[in-house]
Amino acid sequence: MTKSTPCYALDRWVTRIWQTDRRYCVGEVKQDLFGRWVLMKRWGSLYSRRGNSQTIVARDYNAATRLLEDVAKQRQARHYRPVE
């Protein structure tokens with residue numbers, strides 16, 4: 001039985017950051033240890049250590065980027081601004 005090593009496409013990984021005057025949100029499309037595409041979300045306060053995270057396994061890269069765009073729409077609706 002042979003085990004295959006996952007192939008990582010680092011050039012396709014995407015990170016987007018949004019914030020308000022008190023809060024932040026980070027969305028990342030990347031691959032996990034098994035090579036699956038995931039959306040990793042982190043959010044919290046800029047002034048304390050409070051926050052949380054969530055990882056969503058996507059079907060493929062395109063599905064993960066669509067999930068990230070959904071997060072971007074939600075953040076815009078809640079008046080977060082993108083951070084460059």
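The residues of the chain are indexed from 1 along the displayed sequence.
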Ile56 and Lys41: side-chain contact (heavy atoms from CB on, under 4.5 Å), yes or no, with the steps?
CA-CA 8 Å; Ile56 302 169; Lys41 299 190 298 184; 4.3 Å; yes
Test side-chain contact (heavy atoms from CB on, under 4.5 Å) on Arg16 and Glu69; report intermediate values, then the result.
CA-CA 10 Å; Arg16 298 197 42 200; Glu69 288 305 315; 2.8 Å; yes
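Put simply, Leu10 and Val29 are part of the same group of oily side chains (I, L, V, M, F, W, Y) that touch within less than 4.5 Å, one to the next. Leu39 and Val14 fall within a single hydrophobic cluster, where Ile, Leu, Val, Met, Phe, Trp and Tyr side chains are chained together by heavy-atom contacts under 4.5 Å.
Here the CE-OG1 distance, from Met40 to Thr15, works out to 10.0 Å after rounding to the nearest 0.5 Å. Thr65 OG1 to Asp70 CG: the interatomic distance, rounded to the nearest 0.5 Å, is 10.0 Å. For the atom pair Trp18 CH2 and Gln76 CD, the distance stands at 10.5 Å (nearest 0.5 Å). Note that CG of Leu46 is 8.0 Å distant from CG of Asp21, once rounded to the nearest 0.5 Å.
Gln74 CD: more than 12 foreign heavy atoms inside a 6.0 Å radius. Within 6.0 Å of CG in Leu33 there are 12 or fewer heavy atoms belonging to other residues, nucleotides or ligands.
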Please tabulate, for the side chains in residues 77-84, all donor-acceptor contacts under 3.5 angstrom to protein atoms that are two or more places apart in sequence or on a different chain.
residue: Tyr80; atom: OH; partner: Arg75; partner atom: NH1; Å: 3.4
residue: Arg81; atom: NH1; partner: Gln19; partner atom: O; Å: 3.4

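The two residues Arg42 and Ser53 make their nearest non-hydrogen contact at CG-CB, 3.9 Å. Closest of all the heavy-atom pairs between Ala64 and Val38 is CB-O, 4.5 Å.
Between the side chains of Trp13 and Glu28, no donor-acceptor pair is found at a separation under 3.5 Å.
With a 4.5 Å cut-off on side-chain heavy atoms, Gln54 and Trp43 count as touching.
Among residue pairs with one or both ends in residues 47-68, those qualifying as ring-ring contact (aromatic ring centres under 6.0 Å, His included) are Trp37-Tyr61; sequence neighbours excluded.
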